[in-house]
Amino acid sequence: DLGIDDKEGLSDREKAATLGRAGKALEAALAKLRAAEAGPDRDTLVRAAAEAAHIYLIQREVCGIHGLGAPLEDFGVPAEVQVRIGVRAA
């Protein structure tokens, strides 16, 4: 039987693991986007990257990590993706 501290620890580890998976998914989506030429599939790839970025940012919030700028810069999320998730140009 797990105590409250044990359950919180499990929850924190699961949140961190989910954040890691979301980060890998974002990296993969951005890699596909970067490899693509302009064409009919580009919009689909931009949408997929935006969805991955949105999921990643939500998971950061769930983990108690706030702010948009640093992770978007760290991952090199292009402006065309940022616009899709509602980030306004500075």
Side-chain angles (χ1 to χ4, degrees):
D1 195 25
L2 295 174
I4 290 175
D5 289 339
D6 293 332
K7 288 179 184 176
E8 287 176 3
L10 285 173
S11 176
D12 289 345
R13 286 191 296 277
E14 183 55 34
K15 288 177 190 175
T18 301
L19 180 61
R21 288 189 296 273
K24 288 179 193 281
L26 175 55
E27 288 174 340
L30 290 172
K32 286 180 184 177
L33 179 61
R34 288 184 189 110
E37 298 292 325
D41 293 336
R42 183 137 183 106
D43 188 61
T44 300
L45 294 171
V46 170
R47 275 190 272 126
E51 182 177 340
H54 191 225
I55 290 169
Y56 178 78
L57 293 171
I58 289 170
Q59 190 58 38
R60 279 176 48 91
E61 291 283 330
V62 168
C63 291
I65 307 168
H66 307 288
L68 297 175
L72 296 179
E73 290 176 18
D74 291 346
F75 280 99
V77 177
E80 66 185 322
V81 173
Q82 291 186 32
V83 167
R84 296 278 180 113
I85 59 172
V87 176
R88 295 187 182 133

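- Of the residues listed (V77, I65, L57), the one engaging P71 in a side chain to side chain contact (heavy atoms under 4.5 Å, CB included) is L57, and it is the only one.
- The backbone N or O of A16 lies less than 3.5 Å from no partner atom in the side chain of R21, so there is not a single donor-acceptor pair.
- Across every non-hydrogen atom of R84 and A50, the tightest pair is CB-CB, 3.5 Å.
- The distance from the CG atom of L19 to the CD1 atom of I55 is 12.0 Å, given to the nearest 0.5 Å.
- Every pair passing ring-ring contact (aromatic ring centres under 6.0 Å, His included) that includes a residue from residues 35-73 is listed here, sequence neighbours excluded: Y56-F75.
- Considering NZ of K32 and CG of L30, their distance stands at 11.5 Å, rounded to 0.5 Å.
- Put simply, CG on L72 and CG on L26 are 8.5 Å apart, with the number rounded to the nearest 0.5 Å.
- Here the shortest heavy-atom pairing between A29 and A49 reads CB-CA, 3.8 Å.
- Using a 4.0 Å cut-off between charged side-chain N and carboxylate O, E80 and R34 make no salt bridge.
- By the 6.0 Å contact criterion, CD on E51 is open, its count of non-hydrogen atoms from other residues, nucleotides or ligands being 12 or less.
- No side-chain heavy atom of R47 sits under 4.5 Å from any side-chain heavy atom of V81.
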